[in-house]
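These numbers come from a predicted model, not from an experiment. Read the numbers this way: they start at 1 and go in the same order the structure lists the ligands and their atoms. All heavy atoms count here, side chains included; hydrogens, waters and symmetry mates do not.
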Amino acid sequence: MTNKKIRSVLKNKRLEMSREDRDMGSYKIQKKLFLWISNIAAKSLKIGNIIQVTTFWPMPLEPNIIWLNNKLTELDNVKLSLPVTKDSDKYLEFKEWNRSISLIKGKYGILEPDSKYIITRPDIILVPTLGYSNTGDRIGYGSGYYDRTLSELISKKYRFVTIGIAWDHGLIEGPYKAASHDIKLDAIITPRGWVKNPPE
Ligand SMILES: Nc1nc2c(c(=O)[nH]1)N(C=O)[C@@H](CNc1ccc(C(=O)N[C@@H](CCC(=O)O)C(=O)O)cc1)CN2
Ligand SMILES: Nc1ncnc2c1ncn2[C@@H]1O[C@H](COP(=O)(O)OP(=O)(O)OP(=O)(O)O)[C@@H](O)[C@H]1O
């Protein structure tokens with residue numbers, strides 16, 4: 001199957017989810033992720049480190065992680081940022097977000113921070129993921145924003161952990177042949193749990 005075909009199959013499966021499945025699934029993802037991130041934050045707090053977490057503001061059919069985003073603002077040593085698309089190129093910028101920074105509609109109707117401060121070195125990146133394999137391959141909407149942005153961070157030798165956030169049905173059946181530009185996710189979480197375990 002081509003990536004285009006996989007995308008359309010997965011988008012249809014996503015459309016077929018009931019409101020209850022979406023709500024319960026989002027709840028499970030957020031609960032596990034909050035536990036994982038707050039554990040890391042607690043360890044880092046002891047050594048006085050701040051954790052930069054790049055999350056995303058969900059689109060209507062994606063796992064709804066708004067509760068998580070708000071909850072993470074309560075952790076003292078966690079700083080959040082959200083992806084912002086630019087008109088000039090297809091790289092994402094990660095802009096600082098907290099409860100006193102308002103969100104404004106950007107491209108594709110996605111909410112983005114109304115802030116000027118760009119985070120260049122995230123520690124943890126939550127990546128919206130439409131399709132995935134058990135070994136961390138990822139399919140997004142096909143514009144390559146995350147592949148481009150992550151490969152740039154890797155080329156700068158920055159160290160960070162990527163967590164794909166997906167629905168259970170996003171598992172790609174059969175062998176998946178990744179493109180050379182595809183960046184593997186370090187871990188993937190779905191309502192059922194971790195598909196690929198995160199480090200630590
Ligand atoms: N919540 C969220 N934020 C994100 C992304 C994402 O996938 N999800 N992105 C990931 O790169 C970036 C924005 N890039 C995007 C690229 C393409 C489409 C897109 O093709 N949208 C379809 C409909 C999507 C859907 O079916 O829900 C469209 O507009 O027709 C959306 C976002 C950064 N922010
Ligand atoms: N590092 C890169 N440099 C230049 N172009 C890239 C890079 N990564 C991906 N692309 C281009 O982006 C396009 C989309 O890639 P791909 O189909 O892998 O997207 P995706 O991972 O599904 O989408 P997204 O990251 O937007 O959610 C392709 O045409 C690809 O050539």
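- Residue-level proximity to ligand 1 for Lys107 is absent, since no heavy atom of it falls below 4.0 angstrom.
- The shortest contact between atom 34 (N) of ligand 1 and any protein heavy atom is with Pro83 CG, 3.6 Å.
- Heavy atoms of Leu61 come nearer than 4.0 angstrom to ligand 1 in no pair at all.
- Ranking the protein heavy atoms by distance from atom 3 (N) of ligand 1 puts Ile110 CD1, 3.5 Å first.
- Distance from atom 5 (C) of ligand 1 to its nearest protein heavy atom, with residue and atom name: Pro128 CG, 3.9 Å.
- Atom 13 (C) of ligand 1 has as its closest protein heavy atom Thr85 CG2, 3.8 Å.
- When all heavy atoms of Val161 and Asp186 are compared, the pair lying nearest together is CA-OD2, 3.3 Å.
- With hydrogens left out, the protein atom closest to atom 30 (O) of ligand 1 is Lys11 NZ, 5.0 Å, a heavy atom.
- In the hydrophobic clustering of this structure, Leu75 groups with Ile101; members are Ile, Leu, Val, Met, Phe, Trp, Tyr whose side-chain heavy atoms approach within less than 4.5 Å, directly or through other members.
- Within the structure, salt bridge (Lys or Arg N to Asp or Glu O under 4.0 Å) contacts touching residues 64-74 (residues at least two apart or in different chains) are Lys71-Glu74, Glu74-Arg99.
- Here the heavy atom of the protein found nearest to atom 7 (O) of ligand 1 is Tyr141 CE1, 3.1 Å.
- Contact annotation for Arg14 and ligand 1: only side-chain heavy atoms (C-beta onward) come within less than 4.0 Å of the ligand.
- Residue Phe56 approaches ligand 1 through these ligand atoms, each under 4.0 Å from one of its heavy atoms: 1 (N).
- Nearest heavy atoms, Val127 versus Arg138: CG1-NE, 3.2 Å.
- Taking atom 15 (C) of ligand 1 as the reference point, the nearest protein heavy-atom neighbour is Tyr108 CE1, 3.5 Å.
- Among all heavy-atom pairs drawn from Ala41 and Ile51, the shortest one is CA-CG1, 4.3 Å.
- Between the side chains of Ser143 and Lys90, not a single donor N or O lies within less than 3.5 Å of an accepting N or O.
- Judged by a 6.0 Å distance limit and a 45° cone about the ring axis, Arg121 is positioned over the six-membered ring of Tyr158.
- A donor-acceptor pair is defined here as one N or O able to donate and one able to accept, closer than 3.5 Å; no such pair exists between the side chain of Asp23 and the backbone of Glu20.
- Using a 4.0 Å cut-off to heavy atoms of Ser143, the atoms of ligand 1 that qualify are 16 (C), 17 (C).
- Residues Glu93 and Lys86 approach most closely at OE2-CD, 3.4 Å, considering heavy atoms.
- Residue Glu62 has at least one nitrogen or oxygen atom sitting less than 3.5 Å from a nitrogen or oxygen atom of ligand 1, judged on distance alone.
- Side-chain atoms of Thr190 and Asp168 form a donor-acceptor pair, as typed in the model, at a separation below 3.5 Å.
- The two residues Ser115 and Glu96 have their closest heavy-atom pair at OG-O, 3.3 Å.
- Residue Leu92 comes nearest to Thr149 through the heavy atom pair N-OG1, 2.9 Å, listed as atom of the first residue, atom of the second, then distance.
- Protein residues are said to neighbour a ligand when one of their heavy atoms lies under 4.0 Å from it; for ligand 2 these are Arg7, Arg138, Ile139, Gly140, Tyr141, Gly142, Ser143, Gly144, Tyr145, Tyr146, Asp147, Arg148, Ser151, His181, Asp182.
- Under 4.0 angstrom from ligand 1, the non-hydrogen atoms of Tyr146 all belong to its side chain.
- Other residues, nucleotides and ligands contribute more than 12 heavy atoms inside 6.0 Å of the CG atom of Asn12.
- By the criterion of a heavy-atom distance under 4.0 Å, the backbone of Pro58, and not its side chain, is placed next to ligand 1.
- For atom 12 (C) of ligand 1, the nearest non-hydrogen atom of the protein is Leu92 CD2, 4.0 Å.
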